[in-house]
Amino acid sequence: MTKKKILALIIVILSACIIAGGVYFKMKYDEREKDKEVYIKGQKELITLYLKHNTIKTVDFTKVKMGPMGDYVFDGYINGNKDAEFSAFSSPEDNFQFHGTIMKAESISNLLKPVHELKSPEEIKKELNQKTKNTQH
């Protein structure tokens, strides 16, 4: 083989490797984005369940962002009132799951049940699962 043919073969092989690598990393990126969307949807459902169980009628989310400490911050408002804002958190310490950590406007505090009557998302899920099991028997 001549040097030109060897050079052309090496260029073709390198190009194929670069393209294959790019496709692989794009697929991995898309997979992570899909997992992130599923996670965010699940956390929004959990936050909504928590707020609705504790006397809130509707929950609207305005923004989801990653905080400086690696936690996810879910901003929104309740009952169609944009002044009744809240921020809910899912932190690395809680395995990125919402456990009732929420910062809220004073107007929301007045709408929620008293602190001693508030239930965590886990307690609410257990209650709902028990009700479902009892209705199936």
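Please read these numbers as outputs of a predicted model, since none were measured by experiment. The analysis underlying the following values was restricted to heavy atoms, covering all of them including side chains, and did not include hydrogens, waters or symmetry mates.
- Side-chain heavy atoms closer than 4.5 Å link hydrophobic residues (I, L, V, M, F, W, Y) into clusters, and following such links, even through other members, never connects Val59 to Val73.
- The shortest non-hydrogen separation linking Gly70 to Pro92 is O-CG, 4.0 Å.
- Between atom CD of residue Gln43 and atom CD1 of residue Ile47 there is a gap of 6.5 Å, rounded to the nearest 0.5 Å.
- Hydrophobic clustering, with ILVMFWY side chains joined whenever heavy atoms are under 4.5 angstrom apart, keeps Ile102 apart from Tyr77.
- Using a 4.5 Å cut-off on side-chain heavy atoms (C-beta onward), Glu85 and Lys104 make no contact.
- Here Glu45 pairs with nothing under the salt bridge (Lys or Arg N to Asp or Glu O under 4.0 Å) rule; sequence neighbours left out.
- One finds the CD1 atom of Ile11 at 12.0 Å from the CD1 atom of Ile6 (value rounded to the nearest 0.5 Å).
- Across all their heavy atoms, Leu49 and Lys125 have their closest contact at CD2-CG, 4.2 Å.
- Atom CZ of residue Phe89 and atom CZ of residue Phe74 lie 11.0 Å apart, to the nearest 0.5 angstrom.
- Formation of a donor-acceptor pair under 3.5 Å by the Thr62 side chain with backbone atoms of Asp75 is found in this model.
- Counting non-hydrogen atoms of other residues, nucleotides and ligands closer than 6.0 Å to CE of Met66 gives a total above 12.
- In this structure, CD on Glu123 lies 9.5 Å from OH on Tyr50, to the nearest 0.5 angstrom.
- Residues Val64 and Met103 do not share a hydrophobic cluster, defined by chaining ILVMFWY side chains whose heavy atoms lie under 4.5 Å apart.
- The CG atom of Asp71 sits 8.0 Å away from atom CD of Glu93, with the distance rounded to the nearest 0.5 Å.
- Distance CD/Glu37 to NZ/Lys41: 10.5 Å, rounded to 0.5 Å.
- For Asp30, the salt bridge (Lys or Arg N to Asp or Glu O under 4.0 Å) partners are Lys26, not counting sequence neighbours.
- Minimum interatomic distance between Lys57 and Lys52 (heavy atoms only, all atoms of both residues): O-CE, 3.1 Å.
- Between the Thr58 side chain and the Asn79 main chain, a donor and an acceptor come within less than 3.5 Å of each other.
- Annotation: ring-ring contact (aromatic ring centres under 6.0 Å, His included) contacts of Tyr72 (sequence neighbours excluded): Tyr39.
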